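What follows is a single structure, written as structure tokens, with notes after it.
Not measured: the values here are computed from a predicted model.
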Protein chains: 2
Amino acid sequence: MTRRNTRHQHLTLRDVSEASGVSEMTVSRVLRNRGDVSDKTRAKVVEAAKRLGYVPNKIAGALASNRVNLVAVIVPSLSNLVFPEVIAGIDEVLADTPLQPVIGATNYDPEKEEKTLFEMLSWRPSGVIIAGLEHTEASRAMLANCGVPVVEVMDVDGDPIDAAVGISHRRAGYQVGTEIAARGYKRVGLLGTKVDGDHRARKRIEGLEQALSENNIPVADHMAYSGWSGFAKGREMTKAMLERTPDVDFLFYTNDLTGAGGLLYALEQGLDVGGGLGLAGFNAFELLDGLPRNLATVDSRRREAGQIAARIVAGDYTFDGDDRRVELTPTFIAGNTLRNRLTD
Amino acid sequence: MTRRNTRHQHLTLRDVSEASGVSEMTVSRVLRNRGDVSDKTRAKVVEAAKRLGYVPNKIAGALASNRVNLVAVIVPSLSNLVFPEVIAGIDEVLADTPLQPVIGATNYDPEKEEKTLFEMLSWRPSGVIIAGLEHTEASRAMLANCGVPVVEVMDVDGDPIDAAVGISHRRAGYQVGTEIAARGYKRVGLLGTKVDGDHRARKRIEGLEQALSENNIPVADHMAYSGWSGFAKGREMTKAMLERTPDVDFLFYTNDLTGAGGLLYALEQGLDVGGGLGLAGFNAFELLDGLPRNLATVDSRRREAGQIAARIVAGDYTFDGDDRRVELTPTFIAGNTLRNRLTD
DNA sequence: GTGAAAGCGCTAACAG
DNA sequence: CTGTTAGCGCTTTCAC
């Protein structure tokens, strides 16, 4: 028995052509809804294709037509909730187009990002959506020369290669710092992550520190963790910091999940959350709605960033002027873990 | 100025060949690390490719070699945490191989799944990983005939097309029901989702109901929600059910997040959680570690399911016997929202 | 409205 | 170790 006869051999246009008695070219037209084909011929082709279970070969199609309906999407991680949210936004928009996302995770490693990017560009995608503005020299060169729309998402603090969509994390951090000052907190503790490649968390902290410094508020303590962000980590760190620096009156977490853990811990300890002790996180995770208190946080508008990025790639977005940067406004959500503003 | 001269024109092997003075074929060999090439020639080629910024065209390569390093991954949603977790497991394993995942979301819609599958199969991927065992007739036919490994993940209750990896949700539900009975609860309330296509949640409930019925324990109330699962939804539902059926002594949530919301609500109400009122969720979300109480739950071993599925597709997994079904054991985690077993 | 010929950029197979 | 030849399965282009 020859290999040709196994069911694992893919059908070709030729098979459909022979089965329907219509030329390959016309079969191709029918299957792509291109050009005028008589209803009779069309019916014959559709019937044959369906009966045989023909699945077109996009590889060949893409090579011949020089068109690929793939969009490369590159994010640091899938374990951190924020990225699936961006992807969900992308997916939602692309679902209404012929485009399809291809996802790659870099694990916050610029070298891995470079490799993934190279790999993906070799599929000649119709667009690239990539998290952040920081990339290796080589990555930037590839992006600059790939000839398709490139959208850097989730950050606008820097020079985009082509287009950028997201919030300014520096500005968002600054805003939180301003709120802290306006509410009269005097000794701030910072609880962040050790991850080197997390430029956005770093920028948030920088913005926050700037606002504090302008208001002569010291950063009383700073603690960085590594590993997975969850409630437990937030609890641990909060406990440790409160023991090490008992007089902090505000805790800022770069991440809502650790913030929520800190909140739960503080409440259990009977601390005066929202009064003597202020707490704030970052990202406004929807799933946290319904905690005993609403943690103060900032909506980083990830889903929208994904949506707009997808629209840019799909050619369905009009920029405001000639700046291909779309700065979304991070919404500060005071919740009830802060005391009132002294002045308003 | 002709289009040929713009930087958007992709380079070809021929360009590298001309720039290096080496034949296209040898250039191809060098760039793929195939066959023996002298160090001198290799160096010339590598230099030219790098200098020009050549990015190979995998479309053409795939067509010529009939090999595609893409793996189709199809899940219902990216908004429900469980799926990114499976994908993370897949990604982790594939990162060590030449394979690359392509993600598609179906939004729990079988028709959308069928379309996505068709779309993906037309790229002739090296494997398919798809959530669940329930698909349309047409989808099943495509999967059965696509000629590459097909792994259905996250469920083993049913007939796999090729391979299947995951837990038995029916058995997991049954186990929870048994625990409920062993701990002497008598009136159980069920809090689930309305989503039609969520077969796994349905199977959990079925298994649970069976165990209860075998122990003559009635399902005292049943409530289904639609929309996004978060703490808030769990609170609402719990409140509503406790008002409607005040004498329930156990609440089972098909999802940990709603369960956690219910837990927080119950604690605030001063209910005797872990005593008179038992609570359990499902999925063992790591991020919830650190709640005021540990919600009883079941680890559905999603990440491992993804890892094993990826290994199967990568040809790096040996089945135990001739059954291409890998049943993972769901781990019951009692936490401290249940009272003690009456007998042990 | 339909068909025939050429070729997309690469690799398999073979020859040297 | 290196080169030549012949496609992969489609779509483009042009002819009818």
Whole angstrom value for the distance that separates [atom2] of [N] from [atom1] of [X]:
X: B/Met25; N: D/dG7; atom1: CE; atom2: P; answer: 16 Å
X: B/Leu63; N: C/dA12; atom1: CG; atom2: C1'; answer: 13 Å
X: A/Arg14; N: C/dA5; atom1: CZ; atom2: P; answer: 12 Å
X: B/Lys40; N: D/dT2; atom1: NZ; atom2: C1'; answer: 13 Å
X: B/Ile59; N: D/dG7; atom1: CD1; atom2: P; answer: 23 Å
X: A/Asn33; N: C/dG1; atom1: CG; atom2: P; answer: 14 Å
X: B/Arg42; N: D/dC1; atom1: CZ; atom2: P; answer: 10 Å
X: B/Lys44; N: D/dT2; atom1: NZ; atom2: C1'; answer: 11 Å

Review point. Would you say the base of C/dG3 and the side-chain of A/Arg29 have a donor-acceptor pair closer than 3.5 Å?
Key: yes
* To do: Report yes or no: is there a donor-acceptor pair, N or O only, under 3.5 Å between the side chain of B/Arg124 and the base of D/dG9?
  => no
Can you tell me which nucleotide in D/dC10, D/dT2, C/dA5 comes closest to the side chain of B/Thr26?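 Out of D/dC10, D/dT2, C/dA5, the nucleotide with an atom closest to B/Thr26's side chain is D/dT2.
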Check: Nearest to the side chain of B/Asn57 - C/dC10, D/dG9, C/dT2?
Finding: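 When the side chain of B/Asn57 is considered, C/dC10 is the closest of C/dC10, D/dG9, C/dT2.
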Taking for B/Val22 and for B/Ser65 the nucleotide of DNA chain D with the nearest heavy atom, the one nearer the 5' end belongs to B/Val22
Taking for B/Thr41 and for A/Pro56 the nucleotide of DNA chain D with the nearest heavy atom, the one nearer the 5' end belongs to B/Thr41
Here the gap from B/Leu63 atom CG to A/Lys58 atom NZ, rounded to the nearest 0.5 Å, amounts to 15.0 Å
Q.
Applying a 4.0 Å non-hydrogen cut-off, can you work out what B/Arg32 is touching in the nucleic acid: base, sugar-phosphate, or nothing?
A.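 Sugar-phosphate, backbone atoms only, no base.
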Ignoring backbone atoms, test whether [X] places a side-chain nitrogen or oxygen under 4.0 Å from the OP1 or OP2 oxygen of [N].
X: A/Thr12; N: D/dG9; result: no
X: A/Arg67; N: D/dT12; result: yes
X: A/Tyr54; N: D/dC10; result: yes

Under 3.5 Å donor-acceptor, A/Glu152 side chain and A/Ile161 backbone: yes
Quick one: does any side-chain atom of B/Arg303 pair with a main-chain N or O of B/Glu85 as donor and acceptor, under 3.5 Å? no
Exercise for review: Considering non-hydrogen atoms only, spot the tightest contact between B/Ile74 and B/Met120 and give its length.
Suggested key: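 So the minimum-distance heavy-atom pair works out to CG1-SD, 3.9 Å.
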Heavy-atom nearest pair, A/Ile87 first then A/Val75, reads CD1-CG2, 4.3 Å
